[in-house]
Amino acid sequence: MLRKPHYIAFGLLALAGLIFLSLPESASNRVKLTLTGLFLPLFGLTESTQSVARRAGNAVVPREDLIHELEQLRADKQKLEFNLAQTQEAARENDRLRRLAGYPARLPWKLKPARVIARDPANWWRTAFIDVGSKDGVRLDMPVITPEGLAGRVSAVGTTRSQVVLLGDQNCRVAALVKETSENGVVVPYAADPAIVTLTYLSRGTPVKPGQSIVTSGLELKPGHQVLSSGLGGVFPRGIQIGEIVDVRNVGYGLHQEARVKLAVNLNALDHVWVVAQ
Amino acid sequence: MNRIETISILLAAWLAVAFEVSFNGFRDWFGTQISLLPALMTYVALSSSFSSVVVLALAGGLMQDSFSANPLGLTTLVLALAGLLMRVQRDLVLRDQVYAQVMMGFIASACVPMCVVLALTNTRNPVPLTWHLLGQELVMAVGGALATPFVFYAFKWQSRWFTYQSLPESHYRDTRQIKRTRI
């Protein structure tokens, strides 16, 4: 049975919980990032273990395999150098035309490599922690990408660690467009499957009544169409791959369409990411 | 509550949270991360002191919320409530039996995340209640239930190493024996 001191202790605990709950968001984020410092030995241990495992794996790779991979990489490098030369020429031409048209010059991205060190323990949120912070130039709302496409944005910044809210989370909505039709929409979470998001607020392209059709782009959305960030929200730059359309349906009594989009990035297997400083 | 017990509980809470944030095996296999804090709270509420319940709820809850998008302090409140309810009913539970440990672990592992989700429905970003979420809750409950007896075993093993063992009592007293001799 509980005695009076027990009830007092429980009351004090509840009070402490309520005080933490009522903290402003910035203070709460600061406390959270400080508390994650308790797990620094874990992060260090994980990195050392991975490094040892990698070195052990490297030691047993046969020499022939390494030579074959080296040759392959040399061939890839040459191809990429040709591509780079073409791209640089196109970029120069683009800059020249933008100047002539009076458009502002497009700034190149500054990419900051980061390692995912922890995942959100709650299954209903999709956030992760990366090992770079304000000391490395990371700021709030910077986009986080992988070579496959968009992963999320920075939602809280500590000195040496940052929290990233991933695509498909309630707090990560992205202004996006369909590459083939240039239809604009907003990427929102899809609750039933973590590998899928919903692209909503797409204008309707199907007949409203028999014989009538209201279309904006003149093209119908189809499965397999590519979805990219549109740059309209001001957070994510234009043209980052998000995924491809799985299916499309009319919603809101036929007022607009929404499409289910399979994400290009496997968010469960995130290991290394890049923070984009625009 | 002795010092060793407090340190053990804090260390176990740290390890439980470290496991949840860094081990992705369950996420890859079942699409769900299993939480070990409810299983730990089951042990503490049934076998340890009330102060341990308070320490675990405060430390474990804050550590878990620090890695999560949950509001800071929410898991502390829910864990404390679960611990208090189990603590009040501990005399009615056959806590040395494995099936009782599994059942209590199941109930705690199901109720704690469910209470957090229900509490979040009143926030700015409510969690959508879907069948997928229900499936995740079920996997978490089963995982927590299976982990609970191991938590009991681990603390029993720790207690055997770090505390004095009670001597088995015997009713035999040499001085109280009736000497039967020839009269």
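All figures in this text were calculated on a predicted structure; none of them were measured in a lab. We name chains A, B, ... by the order of the sequence lines, and we start the count at 1 in each one.
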Heavy-atom contact with chain A under 4.5 Å, split by part of B:Trp14
both
Cut-off 4.5 Å, heavy atoms of chain A, and the answer for B:Ser35 is neither
Tell me, for A:Thr127 versus chain B, whether the close heavy atoms (under 4.5 Å) come from the side chain, the backbone, both or neither.
side chain
At a heavy-atom separation under 4.5 Å, does B:Gln89 approach chain A through its side chain, its backbone, both, or neither?
neither
So A:Leu150 and A:Leu263, do their side chains get closer than 4.5 Å, heavy atoms only?
no
Examine B:Phe23 together with B:Phe26 and report whether their ring centres are nearer than 6.0 Å.
yes
In terms of heavy-atom pairs under 4.5 Å with chain A, which of B:Gln64, B:Gln136, B:Arg27 leads?
B:Arg27
Heavy atoms only, distances under 4.5 angstrom: which of B:Leu133, B:Val53, B:Leu120 has the most pairs with chain A? Name it, please.
B:Leu120
On a heavy-atom basis, the closest approach of A:Asp131 and A:Arg115 is OD1-N, 2.8 Å
Quick check: A:Phe39 with B:Phe67 (ring centres under 6.0 Å apart)?
yes
Answer key: most heavy-atom pairs under 4.5 Å with chain A among B:Leu62, B:Leu58, B:Thr75 is B:Leu62
Is chain B contacted by the side chain of A:Asp169, its backbone, both, or neither, given a heavy-atom distance below 4.5 Å?
neither
Within a radius of less than 6.0 Å around OH of A:Tyr201, do more than 12 heavy atoms belonging to other residues, nucleotides or ligands occur?
no
Distance col, row A:Leu270:CG vs A:Leu166:CG, nearest 0.5 angstrom, shows 6.0 Å
Using non-hydrogen atoms and a 4.5 Å limit, figure out which bit of A:Phe129 sits close to chain B: side chain, backbone, both or neither.
side chain
Side-chain heavy atoms of A:Ile145 within contact of A:Val273, under 4.5 Å:
no
For each of A:Asn171, A:Leu23, A:Thr34, A:Val31, tally heavy-atom pairs with chain B at distances under 4.5 Å, and name the one with the top tally.
A:Asn171
Side chain from CB out, backbone as N, CA, C, O: work out which of these in B:Val17 comes under 4.5 Å of a heavy atom of chain A, or both, or neither.
both
Between B:Val102 and B:Pro149 the two heavy atoms that sit nearest each other are CG2-CG, 3.5 Å
Taking every non-hydrogen pair under 4.5 Å, which of B:Val54, B:Val127, B:Asn70 racks up the most with chain A?
B:Asn70
Interface moiety of B:Pro113 toward chain A, non-hydrogen atoms closer than 4.5 Å:
both
With a 4.5 Å heavy-atom cut-off, do B:Val44 and B:Phe155 have their side chains touching?
no
Scored by heavy-atom pairs under 4.5 Å with chain B, the best of A:Ala118, A:Pro121, A:Ala9 is A:Pro121
